[in-house]
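What follows is a single structure, written as structure tokens, with notes after it.
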Amino acid sequence: MTTSTTGTDTLTRDALAVLQPGFAGTTAPDWVRRRLSEGLASVALFGRNVATAEQVTALTAQLRAERDDLLVAIDEESGDVTRLEVRTGSSFPGNHALGAVDDTALTRGVARELGRRLAECGVNFNWAPSADVNANPDNPVIGVRSFGRDTDLVARHTAAYVEGLQSTGVAACTKHFPGHGDTSVDSHHAVPHIDLDATTLNERELQPFRAAIAAGTRAVMSAHIRVPVLDPDRPATLSRRILTGLLRGELGYQGLIVTDGMEMRAISGTYGLEHGVVLAIAAGADAICVGGGLCDEDTVQGLTDALVAAVRSGELPEERLADAAARVRALADWTAGMRRSPALEGDREPGIGLTAARRAVTVTRTGPAAPVTGPVYVATFHPAANIAVGDETPWGVGAELERLLPGTTTGSFTGPDAGARALEAAAGRRVVAVVRDEHRHPWMRTALDTLLAAGPDTVVVEMGVPQSAPRGALHVATHGAARVCGTAAAEAVVAG
């Protein structure tokens, strides 16, 4: 039976308040505007909602005409994961590049400038930063989204990012609690397990979250991962032991707890979407991220119905739902108050993203080679993108090298014969080979073997985690694939 939202009783309003749904299109659908009047307190923007900054500003103004204290959330990590610049690539490097520089003032400044841009577009809640320690270099979903593999480094940069972002009135959401860095499975597809002891968890995974809490992070996002030492039965998003016992109780966190995307197969494929949402709120989550895939009114109605029915059946205590809704509204109040604060004024740093990307570049010369002064062939080796990064956003150095070295041409390759095909396409020209996480892709390693055997003067640009040993006449590591990282890499290639 469908629960009517006509009349918007308190229980229904609370159920709507805990949802952070997405929607289709670059203008506000009628159903979203109607739900805002009925109790919906948040919406989420994804790449499909973004055309230009001006369009996003108009969209958020349209939404706030219905509810002034609306939370508008976005997954804008910068670097490889960008929604605001989904079609061009980010103006800011991601976490791994900032960690490579290891200047917390720079990280704070980058996050502040990003926050200003989000705030100008009417976005006041960012699902960032990632506080995951990249303990497993083969991790298929974190990688350059992490500041690094050193716990202390990750902790101090997580805190700096939170401080910089929130100084602009945009709430930070530190993720993915209790730490997604030591996984070999992508939770978009299945439930990852982290089999580690309590001491390692406490001293490694939890430290960046402690730093974020001390820095005042307004939100924490749960991970769809199973950590048997904490809860042998349920993933963190659905675990009362982890969300209420550990995060609230032991770590003393009092802000908003948000789930990772509930359509991810780790939850929806195991527990079902609607039941998973009820279990998450019961476990201690306050807000439900949904809409990366399902972005229609029926989804919102179904989840609202499920929460209301769970309260009425006794499965979900009414006071737990009310507490969750109150935390959502409290965060909305904070952002609304910050929007009116004169403390948000200050000097702009429009070029800080490129400055940071340039500082993050590491150049290694492995042998004598002539400088790159004329046209080259850029061979980009494309791995399959994970869902968090997506495949819409361009990356690489080809466009910038075409500008710097007129006559340069480019090609993209993947698969076991990628090296041979790239060599044939180059037709004797000097090659700049662009890779992303070479260490994770045997076919990519083989492709570089082929190119280097044929042309020892080949230049290699690594735009993922530089885990493999540097090779090529010149090896340029960018620590990320943001647009500014490509610009910085191209400059380094030409500079030699």
Side-chain angles (χ1 to χ4, degrees), residues 75-85 89-118 126-135 137 139 141-168 170 172-176 179-181 207-209 211-212 215 217 349-363 388-389 393 395 436-437 462-467 476-489 491-492:
D75 193 9
E76 184 56 59
E77 297 177 18
S78 296
D80 291 32
V81 178
T82 179
R83 308 299 179 229
L84 203 58
E85 298 182 278
S90 181
S91 301
F92 303 96
N95 285 3
H96 207 60
L98 295 172
V101 178
D102 194 14
D103 178 346
T104 53
L106 180 67
T107 295
R108 192 177 293 106
V110 166
R112 181 173 175 83
E113 189 61 31
L114 170 63
R116 283 170 164 159
R117 294 196 190 181
L118 291 173
N126 190 12
W127 294 327
S130 165
D132 305 301
V133 179
N134 202 34
N139 193 311
V141 70
I142 301 301
V144 294
R145 300 167 68 195
S146 166
F147 288 110
R149 60 186 308 171
D150 178 81
T151 301
D152 290 340
L153 180 146
V154 174
R156 62 179 175 265
H157 285 276
T158 296
Y161 192 106
V162 167
E163 291 164 357
L165 185 68
Q166 292 190 166
S167 71
T168 68
V170 176
C173 181
T174 305
K175 61 188 183 184
H176 307 80
H180 208 312
Q207 285 293 79
F209 290 97
T217 187
E349 298 181 84
I352 194 171
L354 182 55
T355 297
R358 286 170 173 155
R359 290 181 63 186
V361 166
T362 302
V363 177
V389 173
T393 306
W395 66 280
R436 201 168 177 175
D437 291 342
E462 168 62 87
M463 302 194 77
V465 178
Q467 184 73 18
V476 179
T478 62
H479 303 89
R483 174 169 51 84
V484 286
C485 294
T487 299
E491 292 172 349

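This chain uses plain numbering: 1 for the first residue, then up along the sequence. Just so it is clear, the model here is predicted, and its values are computed rather than measured.
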Measure from the side-chain N and O atoms of Asp132 to the backbone N and O of Ser146, and report whether any donor-acceptor pair falls under 3.5 Å. no
Of the non-hydrogen atoms in Val110 and Ala356, which two are nearest, and what is the gap between them? CG2-CB, 4.0 Å
Flag for Thr82-Glu76: side-chain donor and acceptor within less than 3.5 Å: yes
Which of these passes side chain to side chain contact (heavy atoms under 4.5 Å, CB included) with Pro93: Leu354, Ile352, Val484? Val484
If you round to the nearest 0.5 Å, how far is CD of Glu462 from NE2 of His479? 9.0 Å
Can you find a heavy atom in the side chain of Leu118 that is under 4.5 Å from one in the side chain of Thr168? no
Is there a donor-acceptor pair under 3.5 Å between the side chain of Gln166 and the backbone N or O of Ala172? yes
Contact between Arg145 and Asn95 at the side-chain level, heavy atoms closer than 4.5 Å - yes or no? no
Sequence neighbours left out, what passes salt bridge (Lys or Arg N to Asp or Glu O under 4.0 Å) with Asp150? Give chain and number order. none
If the condition is side chain to side chain contact (heavy atoms under 4.5 Å, CB included), which residues does Val144 pass it with, not counting sequence neighbours? Asp80, His96, Val465
Shortest non-hydrogen separation from Ala360 to Ala100 and the atoms involved: O-CB, 4.5 Å
With the side chain counted from C-beta on, respond yes when Cys173 and Thr217 share a heavy-atom pair under 4.5 Å apart, and no when they do not. no
Of all heavy-atom pairs between Ala155 and Ala211, which one has the smallest distance, and what is that distance? O-CB, 3.4 Å
Close side-chain approach of Thr151 and Pro208, heavy atoms under 4.5 Å: yes
To the nearest 0.5 Å, what is the distance between CG (Leu114) and CD (Glu349)? 12.5 Å
Candidates Val133, Asn134, Ile142 - the one meeting side chain to side chain contact (heavy atoms under 4.5 Å, CB included) with His180: Ile142
Test side-chain contact (heavy atoms from CB on, under 4.5 Å) applied to Arg156 and Asp102, step by step: CA-CA 9 Å; Arg156 62 179 175 265; Asp102 194 14; 2.9 Å; yes
When rounded to the nearest 0.5 angstrom, what distance separates CG in Asp103 from CZ in Arg359? 4.5 Å
On a heavy-atom basis, the closest approach of Ala488 and Val361 is CB-CG2, 3.7 Å
OG1 of Thr104 to OH of Tyr161: how many Å apart, nearest 0.5 Å? 15.0 Å
Any idea which heavy atoms bring Cys485 and Thr478 closest together, and the distance? O-CG2, 3.7 Å
Separation between CD of Gln207 and OG1 of Thr158, rounded to the nearest 0.5 Å: 11.0 Å
Name all residues meeting the side-chain hydrogen bond (donor to acceptor under 3.5 Å, both in side chains) criterion together with Glu491; count only those two or more places apart in sequence or in a different chain, and write none if there are none. Arg358
In Å, rounded to the nearest 0.5 Å, how long is the span from CZ of Arg116 to OG of Ser167? 7.0 Å
Minimal non-hydrogen separation, Gly115 against Leu165, with atom names: CA-CD1, 3.6 Å
Please lay out, stage by stage, how Glu85 and Ser91 fare under the test side-chain hydrogen bond (donor to acceptor under 3.5 Å, both in side chains). CA-CA 8 Å; Glu85 298 182 278; Ser91 301; 2.6 Å; yes
